[in-house]
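First up is the structure itself, then whatever we jot down about it.
Given the structure is predicted, the values throughout are model-derived calculations rather than measurements. Heads up: numbering here begins at 1 and tracks the sequence.
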Amino acid sequence: SALGQNLEAYKDAETCVSLKPSWVKGHFRKGVALFKLARFEEAVQAYSRALELEPANGDIQAKVNEARAALKKQSEGVTPQSVTDPSECKRIGNANFKDGKYEDAALWYTRAIELTEVEPTEETAVYYTNRAACYAQTHMYKQVVADSTAAITINPKAAKAYLRRAMAYESLEKWQKACDDYRTVMEIEPGTQLATEGFRRAQRFAKECQ
């Protein structure tokens, strides 16, 4: 079948670029296969990688533009409720987030949560963390805390969720809680600069408020 052939072409190209990351044609072929599979966001990434290696190649630039246009068209006219694949909801949510459409992105992450919350996985925790990022952008800090907490309940090692919650606690001037979360991030992922700086900052404010 055409689907099978395109999947095979994608796998071949993926193998080639993993063995030889600087092979332009491999990234280009990967982009072509992904485009035929209607995986437009990944196609954009593959074509863009080829373009980085050959910036003056007009054919590759044309393919990047084509894939971006297809991705835009794919994302338009589709409502969250019409999609039943949570990873697709996440993909569209991510695209909206990159475009600064935080409220739209939140709707897509909400749908992904709805589709997985009966039997939540670590991926469900990611959807909560991503929605928390949307709420942070729109200054809805209590919702950031709620979603980050939901993510942590599912995956207690979700460093990004602790980090988002710590930042929200800072915005809510809950300095000690921010300290605790930053400390947890430092334990899970030592060397995280945002956590180290945040911990020092929150600790300073916590002492001042005592």
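Taking the six-membered ring for Trp and the full ring otherwise, the centers of Tyr141 and Tyr135 sit at least 6.0 Å from each other.
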Query raised in the report: Can you list the steps and then say if Tyr162 with Glu187 is a side chain to side chain contact (heavy atoms under 4.5 Å, CB included)?
Result: CA-CA 11 Å; Tyr162 285 105; Glu187 288 168 2; over 6 Å; no

Report task. Go through the steps for Gln61 and Asn57 under the test side chain to side chain donor-acceptor pair (under 3.5 Å), then give the verdict. Result -> CA-CA 7 Å; Gln61 183 62 65; Asn57 192 315; over 6 Å; no

Query raised in the report: Would Val145 and Leu172 count as a side chain to side chain contact (heavy atoms under 4.5 Å, CB included) if you check the C-alpha gap in whole Å, the side-chain angles of each, and the deciding distance to 0.1 Å?
Result: CA-CA 10 Å; Val145 170; Leu172 295 167; 4.0 Å; yes

Query raised in the report: salt bridge (charged side-chain N to carboxylate O under 4.0 Å, His left out) between Glu8 and Lys11: does it pass, once the steps are laid out?
Result: CA-CA 5 Å; Glu8 202 58 41; Lys11 286 175 185 172; 5.1 Å; no

Report task. Check the pair Arg91 / Leu71 against side chain to side chain contact (heavy atoms under 4.5 Å, CB included), numbers first and verdict last. Result -> CA-CA 10 Å; Arg91 187 193 66 72; Leu71 176 62; 2.8 Å; yes

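The two atoms that bring Gly93 and Ala105 nearest to each other are O-CB, 3.3 Å, heavy atoms only. Contact record, Val144 with Ala168: CG1-CB, 3.6 Å, taken as the closest heavy-atom pair. The two atoms that bring Ala46 and Leu34 nearest to each other are CB-CD1, 4.3 Å, heavy atoms only. Nearest heavy-atom pair, Ala67 versus Ala43, reported as atom, atom and distance to 0.1 Å: CB-CB, 4.3 Å. Between Ala159 and Val185, the shortest heavy-atom contact is O-CG2, 3.6 Å. Of all heavy-atom pairs between Ala125 and Ala151, the closest is O-CB, 3.4 Å.
Distance alone, capped at 3.5 Å, places no donor-acceptor pair between the Asp99 side chain and the Lys101 backbone. The backbone N or O of Cys134 sits nowhere less than 3.5 Å from a side-chain atom of Tyr109 that would complete a donor-acceptor pair. The closest donor-acceptor contact from the side chain of Arg183 to the backbone of Phe199 lies at 3.5 Å or more, if one exists at all. In terms of modelled atom types and a separation under 3.5 Å, the side chain of Tyr47 and the main chain of Val32 share a donor-acceptor contact. The backbone N or O of Leu194 sits nowhere less than 3.5 Å from a side-chain atom of Thr192 that would complete a donor-acceptor pair.
Distance check: Phe40 CZ to Lys72 NZ gives 14.5 Å after rounding to the nearest 0.5 Å. For the atom pair Glu122 CD and Thr129 OG1, the distance stands at 10.5 Å (nearest 0.5 Å). The line from CG of Asp181 to NZ of Lys174 is 11.5 Å long, rounded to the nearest 0.5 Å. Atoms CH2 and CD1, on Trp108 and Ile113 in that order, are 14.0 Å from each other to the nearest 0.5 Å. Atom CZ of Phe28 is separated from atom CG of Leu53 by 13.5 Å, given to the nearest 0.5 angstrom. The SG atom of Cys89 sits 10.5 Å away from the CG atom of Leu107 when rounded to the nearest 0.5 Å.
Under the 4.5 Å side-chain heavy-atom criterion for ILVMFWY residues, a single connected hydrophobic cluster contains both Val24 and Leu51. Using a 4.5 Å cut-off between side-chain heavy atoms of Ile, Leu, Val, Met, Phe, Trp and Tyr, with links allowed through other members, Ile152 and Val126 fall into different hydrophobic clusters. Under the 4.5 Å side-chain heavy-atom criterion for ILVMFWY residues, no single connected hydrophobic cluster contains both Phe35 and Leu37.
Partner Tyr182 forms a side-chain contact (heavy atoms from CB on, under 4.5 Å) with one of Arg201, Glu197, Lys177, Gln203 and no other, that one being Arg201. Of the residues Glu66, Lys63, Arg68, the one that meets the side-chain contact (heavy atoms from CB on, under 4.5 Å) test with Val44 is Arg68.
For residues 148-161, the set of pairs meeting the side-chain hydrogen bond (donor to acceptor under 3.5 Å, both in side chains) definition, not counting sequence neighbours, comprises Thr149-Arg165. Among pairs with a residue in residues 19-39, those fulfilling side-chain hydrogen bond (donor to acceptor under 3.5 Å, both in side chains) read Glu14-Lys30, Arg39-Glu42, at least two apart in sequence or across chains.
Using cut-offs of 30° and 60° for the angle between ring planes, the Phe205 and Trp175 rings count as parallel.
Between the side chains of Arg131 and Thr110, at least one donor N or O lies within less than 3.5 Å of an accepting N or O.
The side-chain heavy atoms of Lys98 and Glu41, taken from C-beta on, include a pair separated by under 4.5 Å. Here the side chains of Tyr127 and Glu114 are not in contact, with every heavy-atom distance at 4.5 Å or above.
By the neighbour-count criterion of 12 heavy atoms within 6.0 Å, atom CD of Glu103 is sparsely surrounded, having that number or fewer from other residues, nucleotides or ligands.
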